[in-house]
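Each ligand, and each atom within it, is numbered from 1 in the order the structure gives. Values below: all heavy atoms of this structure, side chains included; hydrogens, waters and symmetry mates excluded.
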Amino acid sequence: MKTLVTIIGAGPAGMLLSEILARQKIDSIVVERQSRDYVKSRIRAGVLEQTTVDVLRENGLADRLDSEGHVHDGMKIVWAGKESFFIDVKKHVDKQFVAYGQTSIQEDLFAAANRRDARIVFNAEDVKLHDVQSKKPSVSFFSNGERVSIETDFIAGCDGFHGVSRQAIPHDVLKEYEKVYPFGWLGILTERPPLPDIVYANHPRGFALASMRSPTLSRYYIQVPLDAQLVEWTDERFWEELRSRFPPEMARAIVEGPSIEKSIAPLRSYVAEPMSYGSLFLAGDSAHIVPPTGAKGLNLAVSDVFYLSRALTSFYKTGNEALLDEYSATALRRVWHSVRTSWYLTNLLHRFPTANQFDQKAQEYELEFLRSSASAQAALAEQYAGLPLEELK
Ligand code: RFL
Ligand code: PHB
């Protein structure tokens, strides 16, 4: 097989890249380890920055999002025994964000790919990258018992945190930055109306979050210890724990229902630098992971893809490699801002098993400052909304 850009991974990063390239008449093939149904069924992100919505809209991918997505002006923060407060993103930075599930984005991306007869190989086994340092790289994989090879100009590593692409960068070139948090999130999806706002709660029993996917689908999370097991968490236990972490009036407003999905995710901050090597370019979770507290992971995948597609388009239209050379540095500037915001919110809102009384007091006063200071709220609003994409000079 032969193509200009071989994209590894059919998650949001890989499928969005293939869509934008197709609109620029740049041929690509997507190689995915899992089946289409498996990729479609993953329940993950739910909060989209305006920048993300704009990128999707500019590429004809926002019809359903515009009709079904729920627009929000900000989010609430509550902490034990104190008044809740609203971080008004709209007021402070004139931006909104949209609650729309990653599952729906993935469906929209596959539907768009179907319409243009995109080449996507599902169930590709043992995907390997070859000669990435050269101008003639290739990708090979097993499909139906045969090893298939794709000759290509570029490889886009969009294969998530556990993918193979990042490993093709030599150890002495790749610098990794990592922080693993001493807890995870237990998430539940239920077919019941959500609370009207996205609410983040800091409570002595641990963090909790109320979010949504649609007017009839709610998403809730609670902080759990690293060794928590799903089997220990019946729906009844989850609801009781969740309610205990919200103030009484909010706890009463939560509408319980049977879980249609329940999963535990560990929390980690991770950045790999550089995000490119030779003909290989990483985008999305393959290069960086943020704890979900800032709702940034999918948004970063979209901004990486925006910069990468712009660089590839410029190369194929003009032969100029400058934007490809700058891709890693450009993408990383936005990545590190969101990594820092996500780390900050994680520290602010969770109960750390290692925290001493001093740490606890400092956290309470940080929350108190945020509650009472308009400028602190404006600063958080700017970070939560996401920084603008860098325009070309
Ligand atoms: P993905 O989605 O992991 O897709 C990677 C794809 O690559 C495939 N793959 C391979 N293919 C071929 N060969 C291999 N060797 C391969 N190895 C893997 C995989 O099967 C998969 O299909 O990465 P991508 O595209 O970079 O997208 C990133 C986002 O999925 C992720 O950042 C977000 O889900 C993070 N996230 C959130 N982000 C937000 O912006 N807002 C949120 O509200 C938000 N909430 C969340 C989240 C992530 C969560 N979890 C489960 C970690 C909430 C949670 C609970
Ligand atoms: C979600 O709706 O899944 C969600 C919302 C906000 C976050 C993380 C996840 O910070």
Side-chain angles (χ1 to χ4, degrees), residues 6-18 30-36 38-49 51-52 70 72 75 97-103 105-106 109-110 120-129 139-142 156-168 184-189 194 197-200 207 209-214 217-221 261-268 270 282-305 335 338 341-342 345-346 349 384 386:
T6 302
I7 300 170
I8 306 181
M15 290 309 297
L16 178 62
L17 180 63
S18 109
V30 180
V31 180
E32 165 62 49
R33 187 172 58 179
Q34 304 284 358
S35 69
R36 180 190 295 263
Y38 181 90
V39 175
K40 274 214 291 207
S41 66
R42 279 193 295 240
I43 310 280
R44 286 181 171 179
V47 177
L48 308 181
E49 295 172 0
T51 309
T52 298
H70 197 279
H72 290 266
M75 41 86 164
F97 50 88
V98 178
Y100 186 70
Q102 183 166 329
T103 323
I105 294 185
Q106 193 79 58
L109 284 164
F110 280 145
I120 313 174
V121 181
F122 288 99
N123 303 307
E125 288 169 40
D126 192 24
V127 176
K128 287 194 169 124
L129 293 79
V139 170
S140 73
F141 54 89
F142 267 110
C158 302
D159 46 350
F161 185 65
H162 300 287
V164 286
S165 301
R166 191 175 65 242
Q167 292 160 27
W185 277 18
L186 168 61
I188 210 170
L189 191 68
D197 291 302
I198 295 172
V199 190
Y200 292 84
F207 168 82
L209 169 62
S211 183
M212 63 203 66
R213 290 291 174 275
S214 76
L217 204 53
S218 22
R219 180 78 167 150
Y220 296 98
Y221 298 95
E261 197 264 354
K262 201 191 280 171
S263 53
I264 297 181
L267 265 64
R268 179 197 306 265
Y270 172 89
L282 303 179
D285 279 14
S286 70
H288 40 74
I289 292 281
V290 287
T293 328
K296 291 281 166 243
L298 175 62
N299 294 293
L300 283 180
V302 170
S303 57
D304 288 353
V305 166
V335 165
S338 293
T341 300
S342 305
L345 278 172
T346 303
L349 295 171
Y384 192 78

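Scanning all protein heavy atoms for the shortest distance to atom 25 (O) of ligand 1 gives Ala13 N, 2.9 Å. When hydrogens are left out, the protein atom nearest atom 15 (N) of ligand 1 is Val164 CG2, 3.6 Å; that is the closest non-hydrogen contact. The protein non-hydrogen atom at the shortest distance from atom 37 (C) of ligand 1 is Ala45 CB, 3.1 Å. In this structure, the protein non-hydrogen atom closest to atom 2 (O) of ligand 2 is Ser211 OG, 2.6 Å. For atom 3 (O) of ligand 1, the closest non-hydrogen atom of the protein is Arg44 NH1, 3.1 Å. Atom 11 (N) of ligand 1 has Arg33 N, 3.2 Å as its closest protein atom, hydrogens excluded (heavy atom only). Closest to atom 30 (O) of ligand 1 among all protein heavy atoms lies Gln102 NE2, 2.7 Å. Closest protein heavy atom to atom 4 (O) of ligand 1: Gly11 CA, 3.5 Å. When only non-hydrogen protein atoms are considered, atom 39 (C) of ligand 1 lies nearest to Leu298 N, 3.2 Å.
Comparing heavy-atom distances from atom 22 (O) of ligand 1 across Arg219, Gln34, Arg42 singles out Arg42 as nearest. When Ala283, Gly160, Gly294 are ranked by how near their heavy atoms come to atom 23 (O) of ligand 1, first place goes to Gly160. If you check each of Gly101, Ser286, Ala265, Gly297 against atom 50 (N) of ligand 1, the one with the closest non-hydrogen atom is Ala265.
In Val31, the part holding a heavy atom less than 4.0 Å from any atom of ligand 1 is the backbone. Under 4.0 Å from ligand 2, not a single heavy atom of Ile198 appears.
Backbone and side-chain nitrogen or oxygen atoms of Tyr200 are examined, and one is located within less than 3.5 angstrom of a nitrogen or oxygen of ligand 2. Residue contacts with ligand 2: Trp185 is placed with no nitrogen or oxygen under 3.5 Å of a nitrogen or oxygen of the ligand (distance criterion only). For Arg219, no nitrogen or oxygen atom sits less than 3.5 Å from a nitrogen or oxygen atom of ligand 2, counting backbone and side chain alike. The distance criterion of under 3.5 Å between nitrogen or oxygen atoms is not met by His162 with respect to ligand 1. Not a single N or O atom of Ile43, backbone or side chain, sits closer than 3.5 Å to an N or O atom of ligand 1. Ligand 2 has an N or O atom lying under 3.5 Å from an N or O atom of Pro292, backbone or side chain.
Listed by atom number, the atoms of ligand 1 under 4.0 Å from Lys296 heavy atoms are 39 (C), 40 (O). Proximity to Arg44 (heavy-atom distance under 4.0 Å) selects the following atoms of ligand 2: 3 (O). Listed by atom number, the atoms of ligand 2 under 4.0 Å from Tyr221 heavy atoms are 1 (C), 3 (O), 4 (C), 9 (C). Less than 4.0 angstrom separates some heavy atom of Ile8 from each of these atoms of ligand 1: 12 (C), 13 (N). Near Gly46, meaning under 4.0 Å from one of its heavy atoms, ligand 1 places the atoms 42 (C), 43 (O). Near Asp285, with a cut-off below 4.0 Å to any heavy atom, the atoms of ligand 1 are 23 (O), 26 (O), 28 (C), 29 (C), 31 (C), 32 (O). Within the listing of ligand 2, atoms 5 (C), 6 (C) sit less than 4.0 angstrom from a heavy atom of Val47. Against a heavy-atom cut-off of under 4.0 Å, Gly163 is close to the following atoms of ligand 1: 17 (N). Those atoms of ligand 1 that come under 4.0 Å of a heavy atom in Val39, given as number and element, are 22 (O). Of all atoms in ligand 2, listed by their number and element, those nearer than 4.0 Å to a heavy atom of Ala295 are 6 (C), 7 (C), 10 (O). Below 4.0 Å from some heavy atom of Val127 lie the following atoms of ligand 1, by number and element: 12 (C), 13 (N). Interface of Gly284 with ligand 1, defined as ligand atoms under 4.0 Å from a residue heavy atom, comprises 26 (O).
At least one heavy atom of Pro12 lies less than 4.0 angstrom from ligand 1. Under a 4.0 Å heavy-atom criterion, Met75 is not in contact with ligand 2. The closest approach between any non-hydrogen atom of Tyr221 and ligand 1 is below 4.0 Å. Cys158 counts as a contact of ligand 1, since one of its heavy atoms falls under 4.0 Å from the ligand.
In this structure a side-chain-to-backbone donor-acceptor pair under 3.5 Å is present from Asp159 to Ser165. One N or O on the side chain of Ser286 and one on the backbone of Gly157 form a donor-acceptor pair closer than 3.5 Å. Looking only at distances, no side-chain donor or acceptor of Glu49 sits under 3.5 Å from a matching main-chain atom of Ala295.
Checked against the 6.0 Å centroid criterion, the rings of Phe122 and Tyr38 do not qualify as a close aromatic pair.
Side-chain atoms of Arg219 and Ile43, non-hydrogen and from C-beta on, do get closer than 4.5 Å to each other. Side-chain contact between Gln106 and Arg44: absent, with no pair of heavy atoms (C-beta onward) separated by less than 4.5 Å. For the pair Leu282/Asp304, no side-chain contact is recorded, criterion being any heavy-atom separation below 4.5 Å from C-beta on. No side-chain heavy atom of Met75 sits less than 4.5 Å from a side-chain heavy atom of Asp197. Annotation: side chain of Asn123 is in contact with side chain of Ser35 (closest heavy-atom distance under 4.5 Å). Side-chain contact between Met15 and Ile105 is absent, with no heavy atoms from C-beta onward closer than 4.5 Å. Taking the side chain as every heavy atom from C-beta outward, Lys262 and Leu186 approach each other to under 4.5 Å. Between Leu345 and Tyr200, the closest side-chain pair of non-hydrogen atoms is not below 4.5 Å.
Residues Ile7 and Gly14 come closest through the heavy atom pair CG2-CA, 3.5 Å. For Lys296 against Ser342, the heavy-atom pair with the smallest separation is CG-OG, 3.7 Å. Among all heavy-atom pairs drawn from Ser338 and Val290, the shortest one is O-CG1, 4.3 Å. Here the closest non-hydrogen pair linking Val47 and Ser211 is CG2-OG, 4.5 Å. Leu267 and Pro292 get closest at one heavy-atom pair: CG-CD, 3.7 Å.
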**OP:** Could you give me the CA-CA distance, side-chain angles and deciding distance for Arg42 and Gln102, then say whether side-chain contact (heavy atoms from CB on, under 4.5 Å) is met?
**Re:** CA-CA 8 Å; Arg42 279 193 295 240; Gln102 183 166 329; 5.7 Å; no
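By the 30° and 60° cut-offs, the orientation of the rings of Phe97 relative to Tyr384 is perpendicular.
A cation-pi contact links Arg166 to Phe161, judged by a cut-off of 6.0 Å to the six-membered ring centre and 45° from its axis.
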